[in-house]
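Here's the structure, in structure tokens; my notes come after.
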2 protein chains.
Amino acid sequence: MTTVNRQIVLAARPVGLPKPSDFRLVETPVPGLTEGQFLVKTNFLSVDPYMRGRISEAKSYAEPVQIGQVMVGGTVGTVVESRHPGYQAGNTVVGYWGWQEYAVVDGQGIERFDTSLARMSTTLGVLGMPGMTAYFGLLEIGKPKPGDTVFVSGAAGAVGSLVGQIAKIKGCRVVGSAGSQQKVDYLTGELGFDAAFNYKEVKDYDAKLQEVCPGGIDVYFDNVGGPLTDAVFTQINVGARIVVCGQIDQYNATRPPRGPRLFWHLIVKQARAEGFLVFQFAGRFREGQQQMAEWIKEDRVKYQETIVDGLEYAPAAFIGLFHGENMGKQLVRVSG
Amino acid sequence: MTTVNRQIVLAARPVGLPKPSDFRLVETPVPGLTEGQFLVKTNFLSVDPYMRGRISEAKSYAEPVQIGQVMVGGTVGTVVESRHPGYQAGNTVVGYWGWQEYAVVDGQGIERFDTSLARMSTTLGVLGMPGMTAYFGLLEIGKPKPGDTVFVSGAAGAVGSLVGQIAKIKGCRVVGSAGSQQKVDYLTGELGFDAAFNYKEVKDYDAKLQEVCPGGIDVYFDNVGGPLTDAVFTQINVGARIVVCGQIDQYNATRPPRGPRLFWHLIVKQARAEGFLVFQFAGRFREGQQQMAEWIKEDRVKYQETIVDGLEYAPAAFIGLFHGENMGKQLVRVSG
């Protein structure tokens, strides 16, 4: 009996904000295993803002997904059948096999996940790419010092919510922006942010930042870009570090986004703006994961997941990121 | 007999490009000395692009020059009379007493200059602020490695011409932009730049940069800002360092300059843009001066000075900076 594999493929290259019709669900037979391969059934897949760049034609750090190809992305699943000596049915494994129910893999780019450590979804969030992005981005690029004011945009998202909590652990004053009152309450009420605001209800970003960061900003962890980032430049302190992590404000732009020229502020404030990709720190992921796991155990880091059920809802969950529908890490439960 | 002091004061706050009428020459009597003071006669004064910021009302790293005040700036001169135990007539001294023939000072912010080391004008150029800007900006912010491609804008200026030569000493491939064919010839013919172009004759900066930096750009020493800098962002390599030293393209802007949003490139290229003020490195100036003096002696660093004669021409020399009239360091000889 042939098993049917449901997959979400890229149907069209999105123009601006992706639409459901840019994706298509297809059914293909799962091929039989040859020696050295094993079959994985997906439990969770991750949707992340960076994927917008991966489905655009623009030159970036990786080849774009082609039309008709399965959408890329981080996944965690369970081995259902194996002809690979290193894996057996029942193992939980993590990889990048993308938006599909099943995948035949050979172990390349796949890692075992120890389910006694944490529940498997965390490998796509707090212990995975977003967690490592927050951990290394803040600590290695932002270099926060005790007493610094750290401002985080997109603060209720998978990365931002962790950045703020790590900054608190490091003795900083932490301020965040997010897109709803519920998120703002979560930041200040649950996560210990010193202040937060709903950017959608702020007309004058400069004035708001002066109010919530009266001592200026020493570290800006930028997930967003655009006009809010412009305003931050007017509020940075001497020696400020701007961690350029994401620019979600622009990912769906249909013409090259323009804004004020800001470099003069970098001179006057002797400040630094630095971009990074989490893979820069791949050699240190174990260190980051161990530290994050320890902080979670000590209840010093909390994380939240927004989970939708069903592979067919992956495109909607992905598109929802750009509307700020997620709190913390957005996941799609595919099975189990 | 009272000595008359001729001074250039700020007459009006410039709007856009400064005009001669924004400055005024006044004559005041030189006051008599009290104990602990000495009288200096100016030999050379420096005009530099940064002064545009000092006469603007915009918030910056220092208080702006007020209307009626003597223009600020670096100076070198000769002690003509002293009631200070540390100084005697004939000493050559360096300071910031600004655009005037004479100054009564108390030694605060004044340093002795050893005329056996080099001729006195160098203390305003290659061994002074521009030299230290080039030295520490390139080495400490740009961190060039052998084999790197270093691109310098404003490459024939006081700072840029030194940046390129230091980068060559450090084993880099060096490319510069300047505003005339004469300057381009000087860069490639005299200073050893590997390539250079006249930005005024280039329509497509992207294409030109691809041509002169076929391996991409590892270090960008930015004296200019604006559209040329925008183009550099599209040509940077992974791990690039952008040294934000000056933004002369914008100093005379009458409305906030706008341009493409560029931070996405910092992420994709894991790159850094960092501003600085030379005063950050004040504690290490002696090291920088000794190294520069040694390189000059070894003929590994050349420098050029453009000198106009007469205090009354200081405003014109300053305004000329924005038209690219200077080759290397622009100075005004006030006396001697």
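In what follows, chains carry the letters A, B, and so on, assigned in the order in which the sequence lines appear, proteins first and then strands, with residues in each chain numbered from 1.
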Exercise. How are the rings of A:Phe221 and A:Phe276 set relative to one another: parallel (under 30°), tilted (30 to 60°) or perpendicular (over 60°)?
Worked result: perpendicular
Problem set entry | Within-4.5 Å side-chain heavy-atom neighbours: B:Asp218 and B:Arg173 | no
Exercise. Which is it for A:Lys329 and A:Ser46 under the side chain to side chain donor-acceptor pair (under 3.5 Å) test, yes or no, and what are the steps along the way?
Worked result: CA-CA 8 Å; A:Lys329 178 65 195 134; A:Ser46 177; 2.7 Å; yes
Using a cut-off of under 4.5 Å on heavy-atom pairs, state which of [options] scores highest against chain B.
options	value
A:Leu266, A:Val244, A:Ile267	A:Ile267
A:Arg261, A:Arg272, A:Gln247, A:Gln270	A:Arg261
A:Cys245, A:Gly239, A:Ala271	A:Ala271
A:Ala253, A:Gly226, A:Gly53	A:Gly226
A:Gly225, A:Gly259, A:Pro260	A:Gly259

For [X], is it the side chain, the backbone, both or neither that has a heavy atom under 4.5 Å from a heavy atom of chain A?
X	answer
B:Ala273	both
B:Phe263	both
B:Pro257	both

For this session: Determine, stepwise, if the pair B:Tyr251 / A:Trp264 fulfils ring pair (Phe, Tyr, Trp, His ring centres under 6.0 Å).
Result: CA-CA 9 Å; B:Tyr251 291 171; A:Trp264 174 244; 5.4 Å; yes
For this session: Go through B:Tyr50 and B:Asp48 one step at a time and tell me if the side chain to side chain donor-acceptor pair (under 3.5 Å) criterion holds.
Result: CA-CA 5 Å; B:Tyr50 80 83; B:Asp48 302 275; 4.6 Å; no
Exercise. Could you go step by step and tell me if B:Ser153 and B:Asn223 meet the side chain to side chain donor-acceptor pair (under 3.5 Å) rule?
Worked result: CA-CA 6 Å; B:Ser153 60; B:Asn223 290 304; 4.9 Å; no
